[in-house]
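Encoded as structure tokens, the structure appears first; notes follow it.
Only this structure's heavy atoms are used, side chains among them; waters, hydrogens and symmetry mates stay out. In each ligand, atom 1 is the first atom listed, and ligand 1 is the first ligand listed. Along the sequence shown, the residues carry numbers beginning at 1.
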Amino acid sequence: MSDIIKLLSDSVANQIAAGEVVQRPSSVVKELVENSLDAGATSIDVIIKDAGRTLIQVVDNGFGMSPTDARMSFERHATSKISKAEDLFAITTMGFRGEALASIAAVAEVELVTRRADDELGTCINIAASKVKSQEPVAAAVGTNFKVRNLFFNIPARRKFLKSDKVEYKHIVDEIHRIVLTNPSVAFKVVFDNEIKYQLLPENIHQRIANVFGKKLNQNLVPIGVETQIVNIKGFVAKPEMSQKNTSEQFFFVNNRYMYHPYFRKAVTSAYDKLLPEGENPRFFIYLEVDPSTIDINIHPTKTEIKFEGEQAIYMILNSAVKEALGKFNVVPTLSFEEDITRDAHFTSTTVVRPPVISVNPSFNPFKYTDSGHKRDVPKSWGQMYDVNTGKARDDFDLPESENPQNEANALSIQSHIEYENDENYSGDSNQKYLQLKNKYILTSSHSGMIVINQRRAHERIMYEHFMRMLETSSGVVQKSLFPLVIELSPEERGLLIEVMTELNTIGFEIVMVGNDKFEIRGVPAELAEMDANAIICQLFEELSEGSSDVKLLLNDKIAISLAKSAAMSSGVALKDEEMENLFFRLMSCSNHNYTADGRKIMEIVDISEIESKFN
Ligand code: ADP
Ligand code: MG
């Protein structure tokens, strides 16, 4: 009987290898552009037709290839980049397996034109399904020009497997993003179906992000940076309001190579904590640098998943770097919004829109100002003004009811204090107009358009921060009840109440245990005096028990969130001008005026361009 083991022919082997390397048009783009970068190109053009089905062309001004190298480059395991196995561990170039060109040439029609600077003539090679059709000298520019036509023409099943143009273009764009973001000093021109998609000149990372993702995002980026023994982290995170539903603008690079890293992604997203509503994803561009010997690049064939030594430590460093960055730059109020306000005619001082110095619980909110380095960001804050003015911690956070002279006085005192603080700039007479919509929203103008505020949520945020301060400073004021309320609790509720009783009593409740499962509510915080104590307690139990899924919320947060919900006015309340103004100012003095403590959006700025577009 004859032997049955045969060596696969090269072209079959290449086709099999191609299955791994060339999954779709975007893989070809990736491999070709990475080769161009490895060849020292400073300018690369990427030309695509029909989402890569008809043509993928990459033209570079790199060092080109000799006629022999040009021919050799299509051989399997042909590479100029490694010669011994150890080289694999110190990869600085992009490709390193010498498989890409062989694989691409196995499943497409490829034309290569290349010339080195020292050669008078270049080389043109045509190859299809691994078969060399022609090779001849040609006049050519220095560099390399690859045209890959009719991808998968010889594997109909694979060609049919390609997704819609839209999907394939999306993959290509993703790939291009990863490349241009790691090579800002290289010029790129990207053309899709005869239209220029990107035209990028050499620039720095920040400019590159702006030119690829737009000015709006750029204005809302916060730099991050930290250097440690095990990792250096640089890059940018976008402010919470720039979040989006998809995750396509979440970039991690390690040693300037794109990577997909769900665990580190969690480190970043959890730093945003409650700043983002459900289902929204932050955008970030984060560059890690580690000793190459501490990572294992090759655990995944497409080389985007990477294993790190000390992942947990890096997680922590990353998480706090993002938190710090967001806090340092005072994510809320946003820069653009701040500018809006400060450029506004009657708001010329920069001291106006600043969060209070006394901040919320650090574990809830990363934006605290305990770090002395951050204090300069909050000069004469509103919080301080209030303190100076009233001579005590703020205890006047109820919305002013016009019948209530104390509240009116308070509204006035805020006004006069602004005048005092900003006397050179402040006109002394507010021209800011407020309009109430459906007794639910407050509209006002800003430099860049119209601000729409959900009044109930704004009030919730204000009350939340108020109660957090009360909890931290134990400065609640009790309003004694004329008729103490006795409540009887289930064993479970009893446990919950006992757990929070100390906190409740520091912020102005007076709750005493009068029997094994009987409690008497003898007083409530002044802010809640008008409310039904029973309902407040019920709401609290709800918050405490449902919050268990989110371990990161501390008890104080839960209490403050719950009480804020009880204390906030219900929507549907008609507000007077001064009341709207007061609410607006107090919201602006909050450490976060964009989202409620449990992540619901409070305000939206409708850009003037959006309004103008409606009149086109
Ligand atoms: P690898 O990049 O892993 O070495 P490839 O199959 O992608 O393998 O490329 C094979 C070889 O062809 C490279 O090592 C390089 O020498 C040469 N090459 C490919 N593309 C270019 C280019 N654009 N400019 C110069 N040389 C190139
Ligand atoms: Mg390569």
Are F285 and F251 near enough that their ring centres are under 6.0 Å apart? yes
Does an N or O from L101, backbone or side chain, lie closer than 3.5 Å to an N or O of ligand 1? yes
From Y258, Y260, F284, Y287, residue fulfilling ring pair (Phe, Tyr, Trp, His ring centres under 6.0 Å) relative to F252: F284
Side-chain H-bond candidate by donor/acceptor type, Q250 with R283, under 3.5 Å: no
Between R265 and N281: side-chain donor-acceptor atoms closer than 3.5 Å: yes
Please work out which of E31, E34, M65 has its closest non-hydrogen atom nearest to atom 17 (C) of ligand 1. M65
Selection from V58, N35, I104 by shortest heavy-atom distance to atom 7 (O) of ligand 1: N35
Pair D69 + R71: basic N to acidic O under 4.0 Å: no
Using a heavy-atom cut-off of under 4.0 Å, does the side chain or the backbone of A39 touch ligand 1, or both, or neither? side chain
So if I count the atoms of ligand 1 from 1 in the order they appear, which ones are less than 4.0 Å from some heavy atom of G64? 25 (C)
Would you check whether A100 has a nitrogen or oxygen atom less than 3.5 angstrom from a nitrogen or oxygen atom of ligand 1? yes
Please classify the D60 to ligand 1 contact at 4.0 Å (heavy-atom distances, strictly less than): side chain, backbone, both or neither. side chain
Would R208 and E203 satisfy salt bridge (Lys or Arg N to Asp or Glu O under 4.0 Å), going step by step from the backbone distance to the final call? CA-CA 6 Å; R208 179 64 44 108; E203 53 202 345; 2.6 Å; yes
Which bit of T144 is near ligand 1, meaning a heavy atom under 4.0 Å away: side chain, backbone, both or neither? side chain
